[in-house]
K.L.:
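Got a structure here, written out as structure tokens. Questions coming.
Indexing begins at 1, ligand by ligand and atom by atom, following the structure's order.
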Amino acid sequence: MTDLAQGLRLRDDFPGVGDWHYLDSAATAQKPQAVIDAIARAYGADYATVHRGVYERSANMTLAYEAARRKVAQFIGAASDAEIVYVRGATEGINLVAQSWAGTQLKAGDRILLSTLEHHSNIVPWQIVAERVGAQIDVVPLMRDGCIDLDAMAAMITPAHKMVALAHVSNVLGSVLDCRRAADIAHGAGAKILIDGCQAVPRLAVNVAALDCDFYVFSAHKLYGPTGIGVLWARQDLLDAMPPYQGGGSMIDKVTFEKTTYAPAPTRFEAGTPHITGVVGLSAAIDYVQAIGLATIHAHECALVAKARSALDDLNSVRLFGPESSAGILSFEVQGVHPHDVGTILDEGGVAIRAGHHCAQPLMRHLGVEATARASFGLYSDDSDVDALVQGLARVRKIFG
Ligand code: PMP
């Protein structure tokens with residue numbers, strides 16, 4: 001067992017884990033008590049709206065809400081907290097960029113570059129805007145190990161490509177993108193690059209300045225925080241030039257029936273009463289993971305994936321997908337058994353995995369399967385989870401012969 005699991009007894013921090021073998025953290029992570037407590041306080045004794053109140057409690061909540069923005073900025077290496085836009089999650093962040101940036105910058109004949117392994121939320125928003133403006137989508141292929149083929153990307157990108165949008169870590173294969181190289185290739189062709197950091201932010205230390213990307217999105221609920229809140233980071237000059245995505249309260253400067261002027265970014269993109277308690281929960285989640293350290297979390301998850309890969313490989317009727325060095329996520333197929341049956345039998349033994357297309361149907365077609373079984377780890381996972389998975393798969397084999 002790695003030191004992290006043994007030394008810190010992190011399982012005890014998570015009331016949702018207990019002795020359950022929760023291997024679906026890539027779908028959504030369980031919450032530490034510290035996050036649950038912070039949200040309870042925010043809905044309880046501290047509760048008030050932000051930005052509008054003239055009374056002390058609202059002023060305090062506004063301070064907490066904006067302090068969280070600074071914390072997020074520091075957490076991902078943003079130059080300023082004004083570059084942090086609170087959104088509902090990665091999905092909304094990508095839709096915001098697709099509508100507000102691509103919807104105004106792209107014209108007929110322009111091209112958008114995605115990859116074979118993208119989550120539907122990093123495909124469909126681009127298709128919607130491409131259809132509207134008459135742009136085309138091209139797809140960067142994968143290498144044999146499931147990593148995005150950056151040599152192929154360099155060979156296929158042209159000046160007509162205005163936007164490249166790629167996942168930092170694949171939610172199916174766990175493959176990790178060399179973001180810096182992808183950004184260099186995109187910028188060399190004059191394109192902007194958006195990185196979908198949903199699966200990276202809980203597992204790797206992310207610094208957007210070092211990655212040199214233009215947009216970065218993630219969801220709090222995969223980072224041990226609450227659902228319904230996420231982050232869009234964008235370079236200040238890009239945000240400043242982007243029109244509002246939604247209209248409503250809070251995002252304005254002055255409203256008349258003749259003309260409305262808008263607040264500067266990021267306020268311009270945060271219409272309506274925000275998810276105040278979500279932001280407080282996100283802030284607590286960042287405190288929690290930073291106290292452990294992302295390097296420690298990454299090493300821990302890599303050790304668990306390595307152990308699981310080796311144990312599943314020994315079962316010889318199991319096909320593993322993705323590279324050896326996958327970050328915290330392992331997709332597999334038990335030959336001759338549908339992944340849903342695998343998931344159901346594992347559940348009987350208290351092991352929760354995900355079975356399905358994982359919102360990545362183009363990737364499933366590329367792999368030649370309809371679905372995969374996926375085990376994904378979190379900082380609370382430990383060797384007992386891998387052992388239970390292996391025992392459960394032995395039972396699957398016994399039942400299906
Ligand atoms: N991208 C990736 C790689 C994901 O794993 C997910 C969530 N499964 C998303 C985007 C979408 O995140 P959300 O549903 O939280 O908006």
K.L.:
Salt bridge check, Lys307 against Asp387: does any charged N sit closer than 4.0 Å to a carboxylate O?
P.N.:
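Here Asp387 pairs with Lys307 in a salt bridge, since their nearest N and O are under 4.0 Å apart.
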K.L.:
If we only consider heavy atoms of Ser121, is any one of them less than 4.0 Å away from an atom in ligand 1?
P.N.:
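Ser121 counts as a contact of ligand 1 under the 4.0 Å cut-off.
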K.L.:
Under a 4.0 Å N-O cut-off, is there an ion pair linking Arg181 with Asp184?
P.N.:
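So Arg181 does not pair with Asp184 through a salt bridge.
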K.L.:
Do any N or O atoms from the side chain of Arg88 and from the backbone of His275 form a donor-acceptor pair under 3.5 angstrom?
P.N.:
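Flag not set: sc Arg88 to bb His275 has no pair under 3.5 Å.
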K.L.:
Indicate whether the side chain of Tyr47 and that of Thr277 have a donor and an acceptor atom separated by less than 3.5 Å.
P.N.:
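Result is no, nothing qualifies.
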K.L.:
Taking atom CD of Glu370 as the centre, does the number of heavy atoms from other residues, nucleotides or ligands within less than 6.0 Å exceed 12?
P.N.:
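No, the 6.0 Å shell around CD holds no more than 12 heavy atoms from other groups.
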K.L.:
Can you tell me which portion of Lys222 lies within the under-4.0 Å heavy-atom range of ligand 1? Options are side chain, backbone, both, or neither.
P.N.:
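The answer is the side chain.
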K.L.:
Which of the numbered atoms in ligand 1 are under 4.0 angstrom from any heavy atom belonging to Ser219?
P.N.:
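Here the atoms of ligand 1 in question are 12 (O), 13 (P), 15 (O), 16 (O).
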K.L.:
Any non-hydrogen atom of Glu92 lying under 4.0 Å from ligand 1?
P.N.:
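Distance cut 4.0 Å: Glu92 fails for ligand 1.
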K.L.:
Can a salt bridge be assigned to the pair Arg374 and Asp24 using a cut-off of 4.0 Å between side-chain N and carboxylate O?
P.N.:
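Asp24 and Arg374: salt-bridged.
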K.L.:
Among all protein heavy atoms in this structure, tell me which lies nearest to atom 12 (O) of ligand 1, with the distance rounded to 0.1 Å.
P.N.:
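Among all protein heavy atoms, the one nearest atom 12 (O) of ligand 1 is Cys198 SG, 3.5 Å.
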K.L.:
Taking atom CD as the centre, does Glu131 end up with more than 12 heavy-atom neighbours from other residues, nucleotides or ligands that are less than 6.0 angstrom away?
P.N.:
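Check fails, neighbour count at 12 or below.
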K.L.:
In terms of residue, atom name and distance, what is the protein heavy atom nearest to atom 5 (O) of ligand 1?
P.N.:
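Among all protein heavy atoms, the one nearest atom 5 (O) of ligand 1 is Gln199 NE2, 2.7 Å.
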K.L.:
Around atom 16 (O) of ligand 1, find the nearest protein heavy atom and jot down its residue, atom name and distance.
P.N.:
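The answer is Thr91 OG1, 2.5 Å.
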K.L.:
Who's the nearest protein heavy-atom neighbour of atom 4 (C) of ligand 1, and how far?
P.N.:
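I find the closest protein heavy atom is His119 CD2, 3.4 Å.
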K.L.:
Hey, is Asp196 one of the residues with a heavy atom under 4.0 angstrom from ligand 1?
P.N.:
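The answer is yes: ligand 1 sits under 4.0 Å from a heavy atom of Asp196.
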K.L.:
For ligand 1, is His221 a contact, meaning one of its heavy atoms is under 4.0 Å away?
P.N.:
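So His221 counts as touching ligand 1.
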